[in-house]
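Keep in mind that the numbers below use all heavy atoms, side chains included, and drop hydrogens, waters and symmetry copies. Numbered from 1 within each chain, the chains take letters A, B, ... in sequence-line order.
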Amino acid sequence: MILDILDKLNPAQREAVENTEGAVLILAGAGSGKTRVLTTRIGHLMENKGVKAENILAITFTNKAANEMRERVEETLEGTDTKEMWITTFHSCCVRILRKSINKIGYNRSFVIYDSADQVTLVKDCLRELNLSDKAFDPKVILSAISNAKDKLYSPKKFIQLNEGDITKTKIGEIYALYQDRLKRNSALDFDDLIMKTVELFKEHPEVLDFYRNKFRYIMVDEYQDTSKAQYELIKLLAKQHQNICVVGDDDQSIYGWRGADIRNILEFERDYDNVRIVKLEQNYRSTQVILDAANHVISNNIERKRKKLWSEQKEGQLIKIQLDENEIEEGDFISNTISYMRRYEGRDYKDFAVLYRANAQARSIEDSLNRNGIPYNIYGGIKFYERKEIKDIIAYLRVLQNPQDDISLKRIINVPRRGIGLRTIEKIEDRASLKEESLYSVLIDIEDNSDISRKARASISEFVDLMSTLRSFTDVYSVSQVIEKVLDVTGYIDELEKEKNGEGEDRIENLKEFISVALEFESSNEDKSLESFLTNVALSAEPSNEEEEEDRVSLMTIHSSKGLEFPVVFLAGMEEKIFPIARAISSMNDSEIEEERRLCYVGITRAKEELFLTLTRKRTLYGRTNPSIASRFIEELPEECIERLNKEQKELTYSKANYNMLDKYTKKYMNNMNKVQVAQKAKATIKSSNAESSIDDIKLGAKVHHPKFGLGTVVALKGPDVTIAFDNQGIKTINKEYTTLDIVK
DNA sequence: TGTGAAATAATTTTT
DNA sequence: TTATTTCACA
């Protein structure tokens, strides 16, 4: 039956499927049937080429994509066993490898995985330890620097080396070093570590790499345009020998540059492997020709891309409609009314519609309108299930049970629910732990040695330790879901929530109940039912798998999260400069940011199968501020013959290409000056320059200054009214709201 | 230790 | 606008 399926493929698809040996790059345009190609390819490998399931590795980015692929492979192969096949995400693939061998590079095999909130806590701890204020060194900025470094496989040492002479970055490098050290001490890895440490393991232990090289004879990577340098390296290590590597992607749909995706991986694939065969999938099975023409035309404004042109055998289709409204409230009403009309008179269902926007904040006005008009909708994005406070608390309990070295989780729950272990006490425990280079938990166990902690606090701590060891004894006897129930019960967590009479407590209890059913579901569908396995599962998924989503509702989401989906009717809301493209991309000195916005626009347009509406407003209130709008440049980039303007006035808001360029220059200049002025004003409030020669403007990053008490130093950070100075002899200090006299040394 | 006012910052997001 | 975090004070 595989042959039947092969016959149904178009020539390009067939070429992609049948070229199983050597390196293949499949450039798969939006809606060109790439999942179908991948699944057929796997089927072809097994059925016609006699490749065994265990020799295949198929990597995707999301769990959803991985699950879908496995299902479709199973469908294609009609019952052939796919259990031994690794169809998985980068992260779970790495966890699986690391759980087996990470001890070889000095980590504990039962490591826990930290999410971004845990990372922030850990960075804050590191800053405290280094006596740096988190005002001068914004933990978020530090973390994104660390994450960037890890995506590029830079160790702390390498990072410091590369930034020699840059005093701020060197400092960040030191924080990075401590951060890595603390992760290790906590037996924890963050998401980026999962990839980086696997590469490290492969590089330092060739025997491990060899094992996987032999195992994974055929490698396929989906969404290749989203791979980071680290992921690229990982794949390259595995594929180097046999070179049976097939990557699928679309450079035009690369929209995750800001989180480490390196578009060069796909643009330069030919350089990395021998005799690369490139297959372009350009026939689109999703959208009408009008929509494809529009998408092609917009994306052709990008310079950095591989040429590709989508076409379709489908009919021309409806023109793209553009609607201008007075403000975002009327924009919402236009969308609501159009949906109601099309449902009433054109036989559409609610689920045929999607409203896409650039930023989540835009959803509110649309939601309000849908509510007013009684239109049912699902909104995607917002707080994730596993990010909820009560869920994180319970997970923290489970983590500590599984891995007592996890200080971050321990601190989270040591006083939750309140048991009289206050901040001061925790601080003392931490000091002692870092003095003895031990985990917090081991200090807790020997708490009686600690005479500087009050007897009352010590009693509470002993009680807590007893509680935890009781719970730990349960983990050997009970299943995960039962352990969770015990934790909720024994710690008094549920009691506490029940005391809260307001609705919030009830919601939380509901969520915890759902968490228990997640655990039950886990127990029934996994072979490894251990707590460790459950925690890994939870760490590697954002939402519990919810199968019940067939309701007839309109979908609301960001364009980012719409990638990979399709809808008969799509609204792209807020087609305005500074919204889409977003202000930061316009003011950025780097043109590539506008190109990424344009790719995002391309993704948005190509979600539509039949009809596409673009909406914009004359005035928009966002973040409490009302501003007059200018039509998005992406509207100007649409071919005139593809669009229908539902009102004429909007033309006035659309500029010519030259004018958009002028506007860009102006914006960039303005933003630049704004920053300067702000820094200067804020510095002025804090620091008086005693040197009449030097102006306030001189107090900027890298400026050499002299302080009457601390001597010579260099400005390493400016934030708000704080000026952080690295003194030559006194270490780093932040001068905060003091009226200090500083001399600027020229 | 807990509360409420005040300050502040606000793309995009999966793992 | 609003969600979050900080800070002063009881």
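In this structure, A:Lys392 does not pair ionically with A:Glu387, as no charged nitrogen and carboxylate oxygen lie closer than 4.0 Å. Under the 4.0 Å criterion applied to side-chain N and carboxylate O atoms, A:Lys563 and A:Asp226 are assigned as salt-bridge partners. Between A:Glu326 and A:Arg618, at least one side-chain nitrogen of the basic residue sits less than 4.0 Å from a carboxylate oxygen of the acidic one, meeting the salt-bridge criterion. The existence of a salt bridge linking A:Arg364 and A:Glu367 is excluded, since no basic side-chain nitrogen approaches an acidic carboxylate oxygen closer than 4.0 Å. Between A:Lys668 and A:Asp664 no salt bridge is recorded (no basic side-chain N to carboxylate O distance below 4.0 Å). By the 4.0 Å N-to-carboxylate-O rule, A:Asp262 lies close enough to A:Arg264 to be salt-bridged with it. The pair A:Arg412-A:Asp118 does not meet the salt-bridge criterion, since no charged nitrogen lies less than 4.0 angstrom from a carboxylate oxygen.
For the OP1/OP2 pair of B:dT15 and a distance below 4.0 Å, the side-chain nitrogens and oxygens of A:Lys384 include no atom meeting the criterion. Regarding contacts with the backbone of B:dT13, a side-chain N or O of A:Thr558 is found under 4.0 angstrom from either OP1 or OP2. Taking only side-chain nitrogens and oxygens, A:Asn360 never comes nearer than 4.0 Å to OP1 or OP2 of B:dT11.
Using modelled atom types and a 3.5 Å distance limit, the side chains of A:Thr89 and A:Ser92 yield a donor-acceptor pair.
When the C1' atom of B:dT14 is taken as reference, atom CZ of A:Phe90 falls 13 Å away, rounded to whole Å. The interatomic distance linking A:His91 (NE2) with B:dT13 (P) rounds to 16 Å, in whole Å. Taking atom CZ on A:Arg358 and atom P on B:dA10, their separation rounds to 15 Å, with Å as the unit. A straight line from CD1 of A:Ile421 to P of B:dT1 spans 9 Å, rounded to a whole angstrom. Rounded to an integer number of Å, the gap from A:Asp226 CG to B:dT12 C1' is 12 Å. For the pair A:Tyr256 OH and B:dT11 P, the computed distance is 16 Å after rounding to whole Å. If you measure from atom CZ of A:Arg364 to atom C1' of C:dA3, you get 10 Å, rounded to the nearest angstrom. Atom CG in A:Asp115 sits about 13 Å away from atom C1' in B:dT13, given to the nearest Å.
Ring centroid separation for the pair A:Phe515 and A:Phe534 comes in under the 6.0 Å cut-off.
By the stacking rule of 5.5 Å between ring centres and under 30° between planes, A:Trp258 stacks on the base of B:dT12.
Minimum atom distance to the side chain of A:Thr62 is reached by B:dT15, of the listed B:dT11, B:dA10, B:dT15. Minimum atom distance to the side chain of A:Ile582 is reached by B:dT11, of the listed B:dT11, B:dT15, B:dT12. When distances run from any side-chain atom of A:Ala359 to the nucleotides B:dT15, B:dT11, B:dA10, the shortest one goes to B:dT11. Side-chain proximity of A:Arg259 to the nucleotides C:dA3, B:dT13, B:dT11 is greatest for B:dT13.
Within 4.0 Å of A:Phe191, counting heavy atoms only, lies at least one base atom of the nucleic acid.
The residue from A:Lys197, A:Lys184, A:Lys150 that alone fulfils the salt bridge (charged side-chain N to carboxylate O under 4.0 Å, His left out) condition with A:Asp190 is A:Lys150.
Aromatic ring pairs are classed by plane angle as parallel below 30°, tilted from 30° to 60° and perpendicular above 60°; the pair A:Phe202 and A:Tyr212 is tilted.
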* To do: Dot-bracket for DNA chain B, please, read 5' to 3', with Watson-Crick or G-U wobble pairs under 3.5 Å on both distances, ( ) within the strand, [ ] crossing, | other strand, . unpaired.
  => ||||||||||.....

* To do: Let me see the working for A:Asn378 and A:Ser555 under side-chain hydrogen bond (donor to acceptor under 3.5 Å, both in side chains), right down to the final yes or no.
  => CA-CA 5 Å; A:Asn378 277 325; A:Ser555 297; 5.8 Å; no

Tabulated below should be each protein N or O lying under 3.5 Å from an N or O of nucleotides 3-7 of chain B; please produce it.
none

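Heavy-atom distances under 4.0 Å link DNA chain C to A:Tyr623, A:Gly624 of residues 617-628 of chain A, given in residue order.
Of the residues near DNA chain B, A:Glu597 and A:Thr425, the one whose nearest nucleotide (by heavy atom distance) lies more toward the 5' end is A:Thr425.
Cation-pi geometry between A:Arg259 and A:Tyr256 is met: the NZ or CZ atom falls under 6.0 Å from the ring centre, inside 45° of the normal.
Here C:dT5 is in the anti range [glycosidic angle more than 90° from 0].
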